[in-house]
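Structure first, then comments.
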Amino acid sequence: MTLHGQATYSPPDNLNEPQTEAVRHARGPLLVFAGAGSGKTRVIVYRIASLLAVHRVAPYRILAVTFTNKAAGEMKHRLTSLVGEDLTRDLWVGTFHSVCSRLLRRYADSAGLSKNFVIYDDSDQRSVVNRVLKELDLDEKRYPPRQVLSRIHHEKQEGRSPAEFEKRGFFDDAVAECFSRYEHHLKQANAVDFDDLLLHVLRLVEDEKSLAGEEIRHRFEHVLVDEFQDVNQVQYRLVRAFSKRTRNLCTVGDDDQSIYRWRGADVRVIRNFRRDYPDATVVKLEQNYRSTGHIVRSALGVIEPSSEREPKELWTDNKDGEPVLVVTADSEHDEAGWVVEHVRTLIEHGVSGRDIAVFYRVHAQSRVLEEVMRAERIPYQIIGGMRFFERAEVKDILSYLRVVSNPRSDVDLQRIINVPSRKIGQTTVDKLVQTANLAGTSLFDAIAPLCATSNLGTAAKKSLSAFRELLEDLMKEAQTAAPSELCEAVLERSGYQKMLEQEDTAESEARILNVNELIQSIVDYEEEARAEDQIPTLDGYLERVSLTSDADTIEEAPRVALMTVHAAKGLEFDTVFITGMEEDLFPFKAIDPKRGDDLEEERRLAYVAVTRARRQLVITHASRRAIFGQTRYGLPSRFLTDLPKGSYRNMATPAAALMGDRARTFANTFSGNSFGFARGKDWVHPQDRKPVSEPTSRAHEEQQSFLPKRVIEPSTHSEDRQQSFLPKRVSEPPPPSKTAVYVGRPNAKPEPLPQSRSTFAAARAARQVVQPGERYVERDSDVRGSSNMAIGGRVTHDIFGVGVVESVDPGPDPAVTVRFSGHGKKRIKSRFLRFIDVD
DNA sequence: TTGCCACAAATTTTT
DNA sequence: TTTGTGGCAA
């Protein structure tokens, strides 16, 4: 059965339309193209729920893989709410890495590892590469560690071992050598990198003769993959192998949102899925429930010029809403000022900061935005950037813990050997490395033999021995102490705590706080483990830390979120500002002309950015921008010219308006690439295109003397236009959206638009429209008619069908126990039930 | 061995 | 502009 292109309108909670019907019940290979905002997660969750409750598949036979812990957590959470804890507890829901790590712990022997292997992250990997380069006496100038590592990484993501290395030039001869030494060191240290987690499992599961592989192949009856456009070759082979026996492989993704090619993702996998599985059921979800008509059409306009994409027609039943606003700013400061000014206006008029997001292409753009936000006292949060577990002090302490758990981990040992300072300098460490290499042992094991030789000063011997005793001492402690106690012991006995306390600077104070937070995270882990009747172990904690990033947590605080477009994938906001929409910034143009540009991917990135907005999208660009210590003069991005006529309108900030003619002349005078970079072959510069934004030279009457201040493009219908930023109440039936639904009085008469000349007066009027309690709320808390939420009442459930209420648990999120015919008693949150009125 | 200064490099990032 | 790294002197 192949269904596609015939989506009909259906609210998100009606699961009877043919598409989702197929998704819920199809067997064999299944490919779901889920357009942006089409309710992808809902579809996957309902399929699993159906498999569990209707098809009676055992939970532990279902594997659902995602890319982030956050996505896995959400999926599990929604499933638990839908079908209850009993059915979901034993599901295999997790990231590729956590699933593989779990399997690998179980079959460590078969993979030639011991069970307490450590997981090396990015910086650990770099340390190994540095060591390898030194050993091979390779010049770091000619072989930058970063590039060497990324080359190795690339090979591993394609599933190749050092022996299978595909050399593509002289550089690779050296890299191949590094690769095999790198692998050697990891093995020596009983360590794996992130790629290895998958590779080891892949080798087992693809090995017909391996007993472990046989077991894993028989483990799962159903395999589901989320964000399928982001899988790399190894991940694809993995899920193929997992599902080889039953062929029940369900993949969900959107090739238009493939933005991680540089990270190994291979769009061809999703595009060629039908070639590998000719009998696959293909479903296309093309209705967008998230955004206004103008936004959906703009998104389509941006993505359509893309070649090679799977044909899809995103559409929506939602109202057109406000046109996309394209703003020309003079400089990055002007741009930031304009954006922040408008964020402020929104907040002053009752919009919560959490409904607003500001995107940029590169982190470097965030600084100016932050400065202005701070100056204007707008609460904001930066998503991404430095992560907690990457902070030096946190990594240091974790390295202590990891060495205690696995003394063979050389990278960790090297990290802490002289932190705090123990007078063990580079020379001594070099000698230690040499000794270890010669004897083929770990650094830790080389300490004693080195101290026994004579080519070391007495002082150095003494420090080294003391260091070794410290570690042995801690290892002994680890036998009996709980992880958190051990951590305290590390801080105490290593002198790390003292070092921080003595430093006594603002920075060291922050570090102490971070260390305390680390201890707290261990305590949290211990409590969680005990709650699940497990004994908290050091290894258990370390595993969790390695596979968790705190980037998974966006605070629910009412703060404006600032992030890169990449970080925005999977999120949605009422109002979105996309900044820096200029040629060579977005689409980004690498300074290094050797580096290939991927215009197609930039286009998809722009598509992702546009589709994050629910109600209002603002795109800004600046004529001039200081970035990376250079001033660039940028033309409006080519993507702006792809916005469909009628779905956007232009305006300029006062500064840009004043600069108007001059700026335009300047931009046009610049021949070719305005940044002076070499032009790529397929990188046609749109110099001949007229700028999308025609900066107006007439300043608006409201313009104040200080900048930045918004200028509304003079227009005969200025009243209407001035509403654009105001939290206008939706008065038609709520726009059905994946996670948000408008509650309040959906059938109320449309409010007359406030008629006023001044923006602020209009805003003030609009504020009255937004009543407390009428805000956007999570769809999950949309309590459906609860008139019959009493014992004996009849209810229906999307999966279990009709049932009778046996008991009620009131509260902010009420739950009820219901007896379903054919499914028995279930405890379910009432928001997942429809209560049937008996009158 | 440590600390300071000069210089280069500079997307996007999860696990 | 910022951040990280390498070389050199104390």
Side-chain angles (χ1 to χ4, degrees), chain A residues 65-72 94-101 119-126 130 139-141 144-147 150 153 156-157 192-198 227 230-232 234-235 258-265 332 359-368 371 383-387 389-390 392 418 420-430 457 459-460 463 543-552 563-570 580 584-592 595-598 601-602 604-606 608-609 625-632:
Chain A
V65 271
T66 61
F67 277 86
T68 63
N69 291 304
K70 190 179 160 211
T95 61
F96 274 101
H97 293 87
S98 70
V99 165
C100 286
S101 172
I119 299 167
Y120 276 3
D121 71 10
D122 221 48
S123 65
D124 301 327
Q125 289 175 279
R126 221 163 343 166
N130 278 329
D139 183 10
E140 287 180 22
K141 287 262 155 50
R146 264 187 62 146
Q147 277 179 44
S150 97
H153 186 51
K156 294 182 84 161
Q157 285 192 322
V192 295
D193 60 24
F194 287 123
D195 296 322
D196 286 331
L197 285 172
L198 313 199
E227 303 281 11
D230 286 338
V231 297
N232 63 33
V234 169
Q235 288 159 336
S258 164
I259 55 173
Y260 284 118
R261 194 169 90 143
W262 50 275
R263 207 166 78 177
E332 80 276 13
F359 300 163
Y360 33 80
R361 177 65 241 270
V362 298
H363 281 302
Q365 291 169 255
S366 74
R367 213 194 77 242
V368 183
E371 280 166 11
I383 312 294
M386 187 50 133
R387 288 181 295 219
F389 288 108
E390 273 168 24
N418 202 32
S421 170
R422 310 189 164 82
K423 311 255 167 66
I424 302 176
Q426 197 54 54
T427 339
T428 314
V429 174
D430 283 347
S463 329
E543 156 116 5
R544 184 159 107 155
V545 166
S546 308
L547 296 177
T548 314
S549 80
D550 50 353
D552 290 334
M563 68 189 89
T564 64
V565 180
H566 282 91
K569 202 179 99 171
D584 297 353
L585 181 59
F586 198 176
F588 190 86
K589 183 104 175 86
I591 295 176
D592 182 357
R595 197 108 42 131
D597 307 296
D598 195 336
E601 184 145 314
E602 294 292 319
R604 295 191 293 262
L605 194 57
V608 167
R625 177 180 303 275
I627 196 165
F628 301 138
Q630 237 190 353
T631 299
R632 298 173 161 193

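Computed from a prediction, not measured in an experiment: that's the story for all the values here. We use all heavy atoms of the structure for the numbers below, so side chains are in, but hydrogens, waters and symmetry mates are not. In what follows, chains are A, B, ... by sequence order, proteins preceding strands, each numbered from 1.
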Full working for side-chain contact (heavy atoms from CB on, under 4.5 Å) between T68(A) and K569(A): CA-CA 12 Å; T68(A) 63; K569(A) 202 179 99 171; over 6 Å; no
V608(A) vs H566(A) side-chain heavy atoms within contact, under 4.5 Å: no
Trace of the side-chain contact (heavy atoms from CB on, under 4.5 Å) decision for H153(A) with F194(A): CA-CA 10 Å; H153(A) 186 51; F194(A) 287 123; over 6 Å; no
salt_bridge(D584(A), R632(A)) N-O dist < 4.0 Å: no
T95(A) and L547(A): CA distance, side-chain angles, deciding distance, side-chain contact (heavy atoms from CB on, under 4.5 Å) verdict: CA-CA 9 Å; T95(A) 61; L547(A) 296 177; 5.8 Å; no
Between P of dT14(B) and NE2 of H97(A), the distance in whole Å: 12 Å
Any H363(A) side-chain nitrogen or oxygen under 4.0 Å from OP1 or OP2 of dT13(B): yes
Selected nucleotide, minimal atom distance to H566(A) side chain, candidates dT15(B), dT13(B), dT11(B): dT13(B)
Rounded distance (Å) that lies between atom C1' of dT11(B) and atom CZ of R261(A): 14 Å
Atom-to-atom span, CD of Q125(A) to P of dT15(B) - whole angstrom: 15 Å
Expected output: side-chain Q157(A) to main-chain D195(A) donor-acceptor under 3.5 Å: no
Between dT12(B) (P) and R263(A) (CZ): distance, integer Å: 13 Å
Spacing of the C1' atoms in dT11(B) and dG6(C) (rounded, Å): 25 Å
Provide a list of protein-nucleic acid N or O atom pairs under 3.5 angstrom, restricted to nucleotides 5-8 of chain C.
unit_1, atom_1, unit_2, atom_2, d
dG6(C), OP1, E140(A), OE1, 3.0

Pi stacking test for W262(A) and dT12(B): under 5.5 Å apart, planes under 30°: yes
Separation of dT14(B) P from D121(A) CG (nearest whole Å): 13 Å
A364(A) vs L197(A), nearer the 5' end of DNA chain B by closest nucleotide: A364(A)
Rounded distance (Å) that lies between atom P of dT11(B) and atom CZ of R367(A): 15 Å
Main-chain N/O of R261(A) paired with E601(A) side-chain donor or acceptor, under 3.5 Å: yes
F586(A)/L605(A) under side-chain contact (heavy atoms from CB on, under 4.5 Å): CA gap, chis, key distance, verdict: CA-CA 9 Å; F586(A) 198 176; L605(A) 194 57; 4.0 Å; yes
Interatomic distance where CZ belongs to F389(A) and P belongs to dT14(B) [whole Å]: 14 Å
pair Y360(A)-T564(A): side-chain heavy atoms closer than 4.5 Å: yes
Under-3.5 Å donor-acceptor pair between R361(A) side chain and dT12(B) base: yes
Polar-atom pairs under 3.5 Å, protein N or O versus N or O of nucleotides 1-6 of chain B: list them with distances, or write none.
unit_1, atom_1, unit_2, atom_2, d
dT1(B), OP1, G425(A), N, 2.5
dT1(B), OP1, T428(A), OG1, 2.9
dT1(B), OP2, T427(A), OG1, 2.5
dT2(B), OP1, N418(A), ND2, 3.3
dT2(B), OP1, S421(A), OG, 2.6
dT2(B), OP2, N418(A), ND2, 3.3

CD on E332(A) to CG on L585(A), rounded to 0.5 Å: 10.5 Å
D193(A) CG - dT14(B) P separation (whole Å): 17 Å
Contact under 4.0 Å: S101(A) side-chain N or O vs dT15(B) OP1/OP2: no
